[in-house]
Amino acid sequence: MNGVEAFLLGRALMKIGEQAMPQPKSGPTGSVRSVVVVLGDVVSHPGTTVGEIAARTGLPQSQVSTSVARLEQAGSVDTEADPADRRRRLIRPAAEPSARVAEVRATTIDDALAAALAGPGGTAPDPETVREVTAALDLLARTLTPSVTAR
C-alpha cells in the first residue's frame with residue numbers, strides 16, 4: 001500500500017463511520033467529521049481552548065467553536081472560563097457521559113460496513129469478507145490509536 005492508497009482508505013473509513021453515526025434527535029444535524037476531530041483533540045488535551053484546538057487540528061477557529069457548541073449541547077464536553085483570561089473558555093471532556101454520548105458509543109458500524117462491502121446491485125456482501133474486514137478493523141483500532149498516529 002502506498003500513501004495515496006492509505007489516504008483513500010482513511011477517507012473510505014471516515015465515510016463509513018459518518019454513515020454509522022446516529023443523527024441527533026434534536027439540535028443541529030449534518031456532518032460529524034469536524035465534531036469528532038474536535039472531540040478527539042479535547043480528549044487528548046483536556047483543559048484546552050478553541051484556539052489551541054484550531055492550531056493542532058488545522059480546522060478554522062469558527063468551525064472549532066461550532067463543534068464545541070454542538071459537543072457541549074450533546075453533553076460530551078464541559079467548558080469553563082479560563083482563570084488566566086476570562087475571555088477564553090477551557091474545554092474538557094464531560095465528567096459524566098450524556099445519553100447522546102452513550103447512544104453514539106453503542107452504535108456499531110455493522111450496517112454501514114455491510115453497505116460499503118455490498119456487491120454489484122446492492123447484493124449482500126460475502127460473510128467471510130465481512131468477518132475478515134471486521135477483524136482487520138479491530139486490529140487497526142487496537143494498534144493505530146490517535147496517540148500512536150500523533151507521534
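Quick caveat: nothing in here was measured; it's all calculated off a predicted structure.
Looking at heavy atoms from C-beta onward, Leu59 lies in side-chain contact with Val37 at the 4.5 angstrom threshold. Taking 4.5 Å as the limit, every side-chain heavy atom of Pro93 sits out of range of all side-chain heavy atoms of Ser76.
Met1 contributes atom CE, which lies 9.0 Å from atom CG of Leu8 (distance to the nearest 0.5 angstrom). With rounding to the nearest 0.5 angstrom, the OG atom of Ser67 is 11.0 Å from the CG atom of Asp41. For the atom pair CG of Leu137 and CG of Leu13, the computed distance is 6.0 Å after rounding to the nearest 0.5 Å. One finds the CD atom of Glu72 at 3.5 Å from the OG1 atom of Thr79 (value rounded to the nearest 0.5 Å). Here the OG1-CD distance, from Thr57 to Gln63, works out to 8.0 Å after rounding to the nearest 0.5 Å. Atom OG in Ser34 sits 8.5 Å away from atom CG in Leu71 (nearest 0.5 Å).
Taking Ala114 as the reference, Pro125 meet the side-chain contact (heavy atoms from CB on, under 4.5 Å) condition, with sequence neighbours excluded.
When the side chains of ILVMFWY residues are joined at heavy-atom separations under 4.5 Å, either directly or via intervening members, Met14 and Leu117 end up in two distinct hydrophobic clusters. Note on Leu144: it does not cluster hydrophobically with Val4, by side-chain heavy-atom contacts below 4.5 Å among ILVMFWY residues. Note on Val104: it clusters hydrophobically with Val36, by side-chain heavy-atom contacts below 4.5 Å among ILVMFWY residues.
With Thr48 as reference, Arg56 is the one residue of Arg89, Arg92, Arg56 to meet the side-chain hydrogen bond (donor to acceptor under 3.5 Å, both in side chains) rule.
Here the closest heavy-atom approach between residue Asp78 and residue Ala94 is recorded as OD2-CA, 3.4 Å. Of all non-hydrogen atoms in Ala112 and Ile16, the two that sit nearest each other are CB-O, 3.6 Å. Contact record, Val42 with Val77: CG1-CG1, 4.1 Å, taken as the closest heavy-atom pair. Thr49 and Ile91 get closest at one heavy-atom pair: C-CD1, 4.0 Å.
The stretch residues 104-128 participates, sequence neighbours left out, in these salt bridge (charged side-chain N to carboxylate O under 4.0 Å, His left out) pairs: Glu128-Arg131.
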